[in-house]
Novice: 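This is the structure I have questions about; it appears just below.
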Amino acid sequence: MGYPDRPGWLRYIQRTPYSDGVLYGSPTYENVGKPTVIEITAYNRRTFETARHNLIINIMSTEDFPLPYQAEFFIKNMNVEEMLASEILGDFLGAVKNVWQPERLNAINITSALDRGGRVPLPINNMKEGVYVMVGADSPFSSCLREVENPQNQLRCSQEMEPAISCDKKFRSQFHIDWCKISLVDKTRQVFAPQEVVRGEGILPDVGEYRPPSDTLKSRDYYSDFLITLAIPSAVAVVLFAILGYIMCCRREGIIQLVHHSAIQKSTKELRDMSKNREIAWPLSTLPVFHPVTGEMVPPMHTDSFDNTNMPLMQTQQSMPHQTQIPQQPNAGKWYPEERKLTEAMDL
């Protein structure tokens, strides 16, 4: 209370908006003797009725209840909120007490596998996240728990195989324990060597008189750097342009390419102009020609009202109105003088 968020050691989890919320965590030695007040505010989604409650957590030191022998189990088929239920946690502590046989046994810490870097399981086959449960007792570990430390089981764990634990059947009915992740801590064997703090004199070593840099710095001329930066790219560009101009203008292949390019552009422009304006000059095949017999100029092969959009460039002999017809001989073996003259004129 009086803080914007809950303490760092306290966690809250609620799977769905309609499931129960759970507060859990393990305080540190710094929080011993300091009461923690949690202000809980709840409201009814239907009636919008609001209620408040202050939860006071008193933290006591573990030195008053020493539990030097601690074992941490990893349960694969449980989530943290399921394990925090009093009946489930009681069943687990009862199974551990049956194997360990201590006088006093308590749960010290319960942590979700996700808080230890575990992955979120796939939503298939009712897979669980897993939970770590640390329990403490006042008596040494039993022989069953010590079986995890023998070389055969360590080798099986390194090969990702399940170790052979004799007391696993006492847990298997309700709890699936990963025995390769169990850790046994014996605090009676831990000797804390006090670290001596070596304090210095607080005086920096004498390295001579400090000499700051001079105020009169030499000026630097950047003109040569500018010329080098600008002249080299410019010279390379001029050389490249000269080579390209020689290839395109002095070489025969370049001239041919320029002529072809110019012809293509000119033809393209003419076609575009023709498509925009239908009243342009007619092709040479449709211009007036001279009559082959009389020598008179024949008018164009179209009229002003003629649809020039569908007119072909070259007309066939059948469609030419001014075509000279060669007379056919009416009787075989007989020729008329006028027809002979006409034929000679055409041959000429």
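Nothing fancy with the numbering, it's 1 onward along the sequence. Values below: all heavy atoms of this structure, side chains included; hydrogens, waters and symmetry mates excluded. This one's a predicted model, so the numbers in the text were calculated from it and none came from an experiment.
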Novice: Measuring from atom CZ of R11 to atom OG of S26, what distance do you get when rounded to the nearest 0.5 angstrom?
Specialist: 10.0 Å
Novice: Count the heavy atoms of every other residue, nucleotide or ligand shown that sit under 6.0 Å from CZ of R156, and state whether that count exceeds 12.
Specialist: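 Enclosed: over 12 neighbouring heavy atoms sit under 6.0 Å from CZ of R156.
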Novice: Tell me the closest heavy-atom pair linking G33 and P35, and the distance in Å.
Specialist: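 The pair with the smallest heavy-atom distance is O-CD, 3.5 Å.
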Novice: Answer yes or no: is there a side-chain heavy-atom contact under 4.5 Å between H176 and I75?
Specialist: no
Novice: M78, V22: one ILVMFWY side-chain cluster at the under-4.5 Å cut-off?
Specialist: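 M78 clusters together with V22.
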Novice: Can you run down the salt bridge (charged side-chain N to carboxylate O under 4.0 Å, His left out) pairs that involve residues 17-34, sequence neighbours left out, and say none if there aren't any?
Specialist: none
Novice: Does atom CD of Q154 have more than 12 heavy-atom neighbours, drawn from other residues, nucleotides or ligands, at distances under 6.0 Å?
Specialist: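 Enclosed: over 12 neighbouring heavy atoms sit under 6.0 Å from CD of Q154.
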Novice: Cluster question for you: counting only ILVMFWY and a side-chain heavy-atom cut-off of under 4.5 Å, with indirect links fine, are L184 and V96 together?
Specialist: yes
Novice: For the NZ atom of K266 and the CD1 atom of I264, what is their distance to the nearest 0.5 Å?
Specialist: 13.5 Å
Novice: With a 4.5 Å heavy-atom cut-off, do Y12 and R6 have their side chains touching?
Specialist: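 The answer is yes, as the side chains (C-beta and beyond) meet within the 4.5 Å cut-off.
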Novice: Using 0.5 Å steps for rounding, measure from the CZ atom of F226 to the CG atom of D221.
Specialist: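 CG of D221 is found 12.0 Å from CZ of F226.
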Novice: In terms of hydrophobic clusters joined by side-chain contacts under 4.5 Å, are L145 and V135 together?
Specialist: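 Yes, because L145 and V135 connect within a single hydrophobic cluster, where side-chain heavy atoms sit under 4.5 Å apart.
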Novice: A side-chain contact here means heavy atoms from C-beta on lying under 4.5 Å apart; do Y222 and L227 qualify?
Specialist: no
Novice: For S86, which residues count as a side chain to side chain contact (heavy atoms under 4.5 Å, CB included) partner, sequence neighbours excluded?
Specialist: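 If we apply the side chain to side chain contact (heavy atoms under 4.5 Å, CB included) test to S86, skipping adjacent residues, there are no hits.
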Novice: Considering only residues two or more places apart or on different chains, which pairs with a residue in residues 65-91 satisfy salt bridge (charged side-chain N to carboxylate O under 4.0 Å, His left out)?
Specialist: R15-E81, E72-R116, E82-K128
Novice: For L114, what are the other residues in its hydrophobic cluster, where any two members join if their side-chain heavy atoms are less than 4.5 angstrom apart?
Specialist: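 In the cluster with L114 are V120.
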Novice: Would you find more than 12 non-hydrogen atoms of other residues, nucleotides or ligands less than 6.0 Å from Y43 atom OH?
Specialist: no
Novice: If you round to the nearest 0.5 Å, how far is CD of E162 from CD1 of I177?
Specialist: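 If we round to the nearest 0.5 Å, I177:CD1 and E162:CD are 11.5 Å apart.
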Novice: Within the structure provided, determine whether I38 and I57 are in side-chain contact (heavy-atom separation under 4.5 Å).
Specialist: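 Of all side-chain heavy-atom pairs linking I57 with I38, at least one is under 4.5 Å.
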Novice: Would you say that W179 contacts D168 through its side chain, given a criterion of any heavy-atom pair below 4.5 Å between the two side chains?
Specialist: yes
Novice: Which of parallel (below 30°), tilted (30 to 60°) and perpendicular (above 60°) describes Y69 and F141?
Specialist: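 Ring orientation of Y69 relative to F141: perpendicular.
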Novice: What pairs of residues pass the salt bridge (charged side-chain N to carboxylate O under 4.0 Å, His left out) test when at least one of them lies in residues 42-57, not counting sequence neighbours?
Specialist: E39-R52
Novice: Between L89 and L84, is there shared hydrophobic-cluster membership here, with clusters defined by ILVMFWY side-chain heavy atoms closer than 4.5 Å?
Specialist: yes
Novice: For the residue pair T41 and T50, establish whether any side-chain heavy-atom pair is separated by less than 4.5 Å.
Specialist: yes
Novice: Can you find a heavy atom in the side chain of D115 that is under 4.5 Å from one in the side chain of V80?
Specialist: no
Novice: Can you find a pair of side-chain heavy atoms, one from S139 and one from W100, that are under 4.5 Å apart?
Specialist: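 A side-chain contact exists here, since the closest heavy-atom pair is under 4.5 Å.
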Novice: To the closest 0.5 Å, what do you measure between CG (L105) and CG (D138)?
Specialist: 8.5 Å
Novice: What distance do N77 atom CG and M83 atom CE have between them, rounded to the nearest 0.5 Å?
Specialist: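 That separation rounds to 9.5 Å.
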Novice: By ring pair (Phe, Tyr, Trp, His ring centres under 6.0 Å), which residues pair with F92, not counting sequence neighbours?
Specialist: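 Partners of F92 under the ring pair (Phe, Tyr, Trp, His ring centres under 6.0 Å) test: F73, F175.
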